[in-house]
Visitor: 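Could you have a look at this structure, given as structure tokens, before my questions?
First the proteins, then the strands, lettered A, B, ... as listed; each starts at 1.
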Number of protein chains: 4
Amino acid sequence: MPRPRSDEKRIAILEAATRVIVKQGLSAPTMVIAKEAGVANGSLFTYFETKTDLFNQLFLELKMEMATGAMNLPVDAEVREQFFHLWKKWMNWAISNPEKRRAIAQLSVSDEITPVTRAAGHKMMAHVADLLERARAHGPMQKVSMVFLVALMNSVAEATMDFMTQDPANAKKHSKEGFEAFWRMLN
Amino acid sequence: MPRPRSDEKRIAILEAATRVIVKQGLSAPTMVIAKEAGVANGSLFTYFETKTDLFNQLFLELKMEMATGAMNLPVDAEVREQFFHLWKKWMNWAISNPEKRRAIAQLSVSDEITPVTRAAGHKMMAHVADLLERARAHGPMQKVSMVFLVALMNSVAEATMDFMTQDPANAKKHSKEGFEAFWRMLN
Amino acid sequence: MPRPRSDEKRIAILEAATRVIVKQGLSAPTMVIAKEAGVANGSLFTYFETKTDLFNQLFLELKMEMATGAMNLPVDAEVREQFFHLWKKWMNWAISNPEKRRAIAQLSVSDEITPVTRAAGHKMMAHVADLLERARAHGPMQKVSMVFLVALMNSVAEATMDFMTQDPANAKKHSKEGFEAFWRMLN
Amino acid sequence: MPRPRSDEKRIAILEAATRVIVKQGLSAPTMVIAKEAGVANGSLFTYFETKTDLFNQLFLELKMEMATGAMNLPVDAEVREQFFHLWKKWMNWAISNPEKRRAIAQLSVSDEITPVTRAAGHKMMAHVADLLERARAHGPMQKVSMVFLVALMNSVAEATMDFMTQDPANAKKHSKEGFEAFWRMLN
DNA sequence: AATGAATGAGCCTTCATTCAT
DNA sequence: AATGAATGAAGGCTCATTCAT
């Protein structure tokens, strides 16, 4: 596992970028990101070839982290229960990491994120797609394109996250309402 | 007595901005926008004080156009029918104006759009909110926050639009599927 | 006397320029000057071909006004008395027109004022030079270059004016002190 | 460890600015100054935050250099001799550095030079003021405001410098004439 | 003649990237 | 590898001047 240079610093830069993007948007100077990470501006470029490269890597890293919750689901449970488990993990991550979520949102609409990166991001949702496949079986959406379904799920999840972040006191309630709205869509 | 400020030119700039934003993102140089509009770069600033101002006005203009479809609904029809009518108009606008939709998406996440502009944008959806209020009555979402509901509707609509734009051949079918998924959420 | 266009407006622009130059310096936009004069920015250029032209004409106009006081001196009086009379008129003009004085100061150092304009400005002091010629006769400066003498006189006068403007309450006293200092130089 | 910020370059920029200001005035583009200094336009801004900052620092630097001559006067000499010594040093600097003098003149009237900078510039003349105080004792100007006196001295000195620069062949003679005229003012 | 919109060159400054140390 | 100075292209905006009305 030959990881050249300090992985600590690489991560520090990625985390700094997340924070700075939320505050200043994607036009944030690399110098600001570097300063926030506690490294010299030039050092940023020993870890990431270009600013675009940094953004693409960050996008993937965040997507990956977000998808991690989709692992280790209770296998023998009912589909709905499995899905709800996943949903909760997801929502939990969202309110625990509001900045990362916002950064993903910004990066998602950027034209700096290459199609390749986007595709890689989608792959991480493969597990979820499997589950979704089983969840819609026999329901009214059994013939709908999987891509569309994933998009719908994502959009409902995003809306729910937004709302939870805005009203954290009732986060749990909103999470449940969101899930049930989604489930009604499927069944 | 002098050459009057032409509304045509103003609109040409707004339309040019829409096109350029889709192609190059919000970082598109004002000079490119001006050239695309067929005016000198300096002229852009006689119509819009700053680039930010241009973006805010464009955002509103697009939102307004998008909301126009929500008017003149068949009043005596059933709620579901009224809503479907609205939905179709909306989707229709979306596939007819894919660039405008993308531009809105870009502008929405920009930190250049002021809260005031955003608020004004929301107001235009008031009609829809009324209809939504009646649509959810008696259903499982009767106690959910209106803000949340609007967000959910938007997100489902957006996902549907995206999908329709990607697969225009089956646009009508996707539109219907999207609407029904949404309606199931409400009832 | 075919004076085309309105002389009123020409003067309004010159006066506006004086005021604006004092406030904003020579880099003041022509548009600001025009607005201050109550005319459209384009109109300024029907009265003055270029900004540089405006500045040159203004310089001359102000110099001329300043030199006007040097006329109509009491011919049969003693030289010193004549000179003092001139001096007082001059100082009086200065404290009555502080803005014009400041404008001249700004214009004098500008590289936009052509040598021709400067030369014309000097000519207006011819009267004074005559008087100065007689004043220095037999004194210690009888062999000094006239140009130098004029420069010295000017510089002492300017310093006096500055001081009078700063402390208008004792203007008269300062005027006298300045004159006597100058006279001591000559005799 | 990185290339250290070089004082040489800072000075090169200041000197370049001096030359360019003389030729083109204060509106000279920073890019021209940078090129004249042999650095990239961007580099100018690592040494001076803004163009205004550059001008203020240059003003002070020049004033300081000019005032340096006022040091190390022959302490036990007569006042007049001390003053003449100072005067000669001053005039000498002036004809040796005609560009610096012109640059100071331009900067002095600029509204970009802050009051703070001006005040700092004045402080450097403190030594001279002391000497002037002794020089005017018992003379006709013993009750005149010190500020006025300094202004008078400056104005006579400036006029003398101008004349010396114009006719360098007789520089020494003009210098003496200027000084004696000034001294006559005081005594 | 008067107006003010149209033009486009120009300027200060920023910033991604490179490079000397 | 790390640092931060050096580079220079680029961009938003200004403004003198021109021109259609």
Side-chain angles (χ1 to χ4, degrees), chain A residues 4-6 9-10 27-35 38-55 112, chain B residues 1-6 9-10 24 27-35 37-55 112, chain C residues 4-6 9-10 27-35 37-55 112, chain D residues 1-6 9-10 27-35 37-54:
Chain A
R5 316 184 206 98
S6 132
K9 252 171 214 175
R10 201 188 95 94
S27 62
T30 54
M31 202 182 181
V32 172
I33 296 173
K35 197 167 286 170
V39 300
N41 68 69
S43 298
L44 189 150
F45 292 90
T46 63
Y47 290 90
F48 304 93
E49 290 206 3
T50 65
K51 193 186 184 183
T52 298
D53 184 35
L54 163 62
F55 280 178
E112 308 231 40
Chain B
M1 246 167 293
R3 210 171 335 186
R5 208 178 283 196
S6 104
K9 225 160 262 180
R10 201 188 99 93
Q24 316 205 17
S27 63
T30 54
M31 203 185 185
V32 173
I33 296 173
K35 198 167 282 171
V39 301
N41 64 66
S43 296
L44 190 150
F45 294 93
T46 62
Y47 288 89
F48 304 93
E49 292 208 0
T50 62
K51 192 187 186 184
T52 298
D53 184 36
L54 164 61
F55 281 179
E112 310 234 33
Chain C
R5 316 186 205 100
S6 133
K9 255 172 214 176
R10 202 189 95 94
S27 62
T30 53
M31 202 183 181
V32 172
I33 296 174
K35 196 167 286 171
V39 301
N41 68 69
S43 298
L44 189 150
F45 292 91
T46 64
Y47 290 89
F48 303 93
E49 289 205 3
T50 63
K51 193 187 185 183
T52 298
D53 184 36
L54 164 61
F55 281 178
E112 309 232 39
Chain D
M1 247 167 293
R3 212 169 335 185
R5 210 179 282 197
S6 103
K9 223 160 262 181
R10 201 188 99 94
S27 61
T30 53
M31 202 183 184
V32 173
I33 296 173
K35 199 167 283 170
V39 300
N41 64 67
S43 296
L44 190 149
F45 294 92
T46 61
Y47 289 90
F48 304 93
E49 291 208 359
T50 63
K51 192 186 186 185
T52 298
D53 183 37
L54 164 61

Visitor: For C:Lys35 and F:dC15, what is the distance between atoms NZ and P respectively, to the nearest whole Å?
Guide: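 Distance check: C:Lys35 NZ to F:dC15 P gives 11 Å.
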Visitor: Given pairs defined as Watson-Crick or G-U wobble with both distances under 3.5 Å, what dot-bracket annotation applies to DNA chain E, with ( ) intrastrand, [ ] crossing, | other strand and . unpaired?
Guide: .||||||||||||||||||||
Visitor: Measure across D:Thr50 and D:Asp53 and return the closest heavy-atom pair with its distance rounded to 0.1 Å.
Guide: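 Taking every non-hydrogen atom into account, OG1-N, 3.0 Å.
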Visitor: With respect to the phosphate group of E:dA5, does any side-chain polar atom (N or O) of B:Arg5 fall under 4.0 Å of OP1 or OP2?
Guide: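 For B:Arg5, the contact criterion (side-chain N or O under 4.0 Å from OP1 or OP2 of E:dA5) is met.
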Visitor: Mind listing the closest non-hydrogen atom pair of D:Ala40 and D:Ala34 along with its distance?
Guide: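 Between these two residues, the closest heavy atoms are O-CB, 3.8 Å.
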Visitor: Rounded to whole Å, please give me the gap between CZ in C:Arg10 and P in E:dA2.
Guide: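 Computing the C:Arg10:CZ to E:dA2:P distance gives 14 Å.
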Visitor: Which heavy atom in A:Asn41 sits nearest to a heavy atom in A:Met31, and how many Å separate them?
Guide: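 Reported closest heavy-atom pair: CB-CG, 3.8 Å.
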Visitor: Under 4.0 Å between a side-chain N/O of A:Tyr47 and OP1 or OP2 of F:dA2, yes or no?
Guide: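 Checking F:dA2 against A:Tyr47, a side-chain N or O does come within under 4.0 Å of OP1 or OP2.
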Visitor: Might you point out which heavy atoms bring C:Ser43 and C:Val39 nearest each other, and give the distance in Å?
Guide: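 Answer, listing the atom of C:Ser43 first, then C:Val39: CB-CB, 4.1 Å.
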Visitor: Tell me the interatomic distance from C:Glu112, atom CD, to F:dC15, atom C1', rounded to whole angstroms.
Guide: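 Those two atoms, CD and C1', are 13 Å apart.
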Visitor: Quick one: OG1 on D:Thr30 to CD1 on D:Ile33, what's the gap to the nearest 0.5 Å?
Guide: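 It comes to 6.5 Å.
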Visitor: Whole-Å distance between F:dC19 P and B:Arg3 CZ?
Guide: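 To the nearest whole Å, that distance equals 10 Å.
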Visitor: Mind checking the CG-CZ spacing from C:Leu54 to C:Arg10? Nearest 0.5 Å is all I need.
Guide: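 Reported to 0.5 Å precision, the distance equals 9.5 Å.
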Visitor: So if I define the base as every atom that isn't primed, P, OP1 or OP2, how would nucleotides 7-13 of chain F read as a B/S/- string at a heavy-atom cutoff under 4.0 Å?
Guide: BBB-SSB
Visitor: Mind checking the NZ-OH spacing from B:Lys9 to B:Tyr47? Nearest 0.5 Å is all I need.
Guide: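 Rounded to the nearest 0.5 Å, the NZ-OH separation comes out at 5.0 Å.
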Visitor: Taking the side chain from C:Lys51 and the backbone from C:Pro29, do they hold a donor-acceptor pair closer than 3.5 Å?
Guide: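 No; zero donor-acceptor contacts below 3.5 Å.
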Visitor: With heavy atoms under 4.0 Å as the rule, sort C:Phe48 into base, sugar-phosphate or nothing.
Guide: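 Nothing, no nucleic acid heavy atom in range.
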